[in-house]
Amino acid sequence: MFIKSSISVLFLFVLLLNACQTPKPEQKYIKFAGETQGTTYHITCKTSDSVEVVQHNVDSILHAFDLQFSIYNKQSVISKINNNDPTVSLDSMFVDMINFSKKINQMSAGAFDITVGPLVNAWGFGPDTKKRPSQKTIDSLLLITGMDKIKIEGNKLIKSNPKVKIDVNGIAQGYSVDLVADFFEKSGIENYMVEIGGEVRCKGVNEKGKLWRIGIDKPVENNNGAEHQLKAIVELNNESVSTSGSYRRFYVENGVKYSHTINPFTGFPARNTLLSVTIFDKKCAFADAVATACMVKGLDSSKLFLSENKIKAYLIYSDLEGNLKEYFSPCLNEKLFGIE
Ligand code: ADP
Ligand code: MG
């Protein structure tokens, strides 16, 4: 009996010793990029897993997200809802997206509105081609615009009019950044930078042991590609950043510039002196949706809204002479900015 229990104790001891001696898998920074939601993503994180494994997991999350929210995929849940498919039932992520969008809609006094779908399409920024709708068309589409026209009942989305269509592209990239970041946190990854279509969330430090540094575009037309110009560089401390601007997705017809952010009150593309809005928040979905809302509100109304709600924001606008001007909201620490 004594010998038996001594052997068991010895066995346990050897096991414990072994466990202590097994070296922890080494963590290193990995980097990968891919495509999603009609745009690109770039991710850097510190992990002991291989890049193949992490990228596979991220791609699965993003693929599942697309199956819910892509208006370009006819089989997605959102497309089925927009086509009034009676068989569709919503899962908790979809319900959360609608509820969160409603929250930002109320907070922004209606400027952020995911029922702008038919107007976005009419102006040629959806799956259809570019065109300028008549005032009559705009007036009829305004009748089916407004977040009071949709509500969640159980796992169904109820519309007050079957013509109502939703478009979550003003929040989708930020929301999916949060999904990937939440997955990293659950997996014990504590240092990461997730960027999807320009919306970013960071945690911890980069490979050099420093806070992540993110560039903010100079809002000049077609500022992409090789000669990408930056207006500012900012350090992110466990935070997200999202920029909306009239300088990227727009078209010009008869000398008039139409940008892809729609004012849900007038039915017209937002036109004001704001060139870009950059919002900082823990949650990337929040930053993304609020940036879109500010583009609708314009400079003065945004200043009020941002200070009332204590939102960190960096606005770039043009003055009467067409010069680029900057505005920092009261709670933003300007010191984090290295302006060009
Ligand atoms: P970007 O960051 O490229 O400027 P946004 O995040 O502002 O883009 O999203 C713009 C997209 O949001 C549009 O293409 C459209 O699908 C949708 N959208 C347009 N106007 C609104 C609005 N007022 N509220 C919510 N979503 C909108
Ligand atoms: Mg947005």
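For ligands, and for the atoms within them, numbers begin at 1 and follow the listed sequence. Position 1 is the first residue of the sequence, and the numbers go up from there. The figures that follow rest on heavy atoms only: side chains count, while hydrogens, waters and symmetry mates do not.
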If you count the atoms of ligand 1 from 1 in the order shown, which ones are under 4.0 Å from a heavy atom of [X]?
X	value
D288	6 (O)
G245	4 (O)
T243	2 (O)
S244	1 (P), 2 (O), 4 (O), 5 (P), 6 (O), 7 (O)
P264	23 (N)
E199	2 (O)

(message) Tell me which pairs pass ring-ring contact (aromatic ring centres under 6.0 Å, His included) where either residue lies in residues 157-186, with sequence neighbours left out.
(response)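 Every pair satisfying ring-ring contact (aromatic ring centres under 6.0 Å, His included) with a residue in residues 157-186: F184-Y192.
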
(request) Measure the shortest side-chain to side-chain distance between I158 and K156 over non-hydrogen atoms and say whether it is less than 4.5 angstrom. (result)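 A side-chain contact under 4.5 Å exists here.
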
Return yes when [X] approaches ligand 1 closer than 4.0 angstrom through a heavy atom, no otherwise.
X	answer
I71	no
A111	yes
F125	no

Indicate yes or no: does [X] engage [Y] in a salt bridge with an N to O separation below 4.0 Å.
X	Y	value
K151	E153	yes
K210	E235	no
D178	R201	yes
K31	E207	no

For [X] against [Y], the heavy-atom pair lying closest together:
X	Y	answer
P264	D113	CG-CB, 3.8 Å
C294	L306	SG-CD2, 3.9 Å
L275	M295	O-CE, 4.2 Å

(request) Consider every N or O of I114 and every N or O of ligand 1, then say whether any pair is closer than 3.5 Å. (result)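 So ligand 1 has no N or O lying under 3.5 Å from an N or O of I114.
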
(message) So for ligand 1, is V116 a polar contact partner (N or O within less than 3.5 Å, distance only)?
(response)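 It does not: no N or O of V116 is found under 3.5 Å from an N or O of ligand 1.
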
(request) Just go through M295, K297, H260 and tell me whose heavy atom is the nearest to atom 19 (C) of ligand 1. (result)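 Closest candidate by heavy-atom distance is H260.
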
(message) Quick test of your reading of the structure: of N169, D113, V277, D167, whose heavy atom lies closest to atom 25 (C) of ligand 1?
(response)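 Closest candidate by heavy-atom distance is D113.
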
(message) Taking 2.8 Å as the limit, list every protein N, O or S atom around the Mg ion (ligand 2), by chain and residue number.
(response)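 The answer, once waters are left aside, is G170 O, D288 O, D288 OD1, T292 OG1.
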
(request) Determine whether the side chain, the backbone, both or neither of V168 has a heavy atom under 4.0 Å from any heavy atom of ligand 1. (result)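 Neither part.
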
(message) I need the contact type for V296 against ligand 1. Using non-hydrogen atoms and a strict under-4.0 Å cut-off, is it side chain, backbone, both or neither?
(response)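 Just the side chain.
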
(message) Working to the nearest 0.5 angstrom, can you tell me the gap between Q106 CD and D148 CG?
(response)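 If we round to the nearest 0.5 Å, Q106:CD and D148:CG are 10.5 Å apart.
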
(request) Indicate yes or no for a side-chain donor-acceptor contact from K297 to the backbone of S108 under 3.5 Å, with no hydrogens or angles considered. (result)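 Answer holds: yes.
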
(message) Looking only at the side chains, is there a donor atom on one of E326 and Y314 sitting less than 3.5 Å from an acceptor on the other?
(response)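 Yes, side-chain donor-acceptor contact under 3.5 Å.
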
(message) Around atom CD of Q135, are there more than 12 heavy atoms from other residues, nucleotides or ligands closer than 6.0 Å?
(response)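 Correct, the count exceeds 12.
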
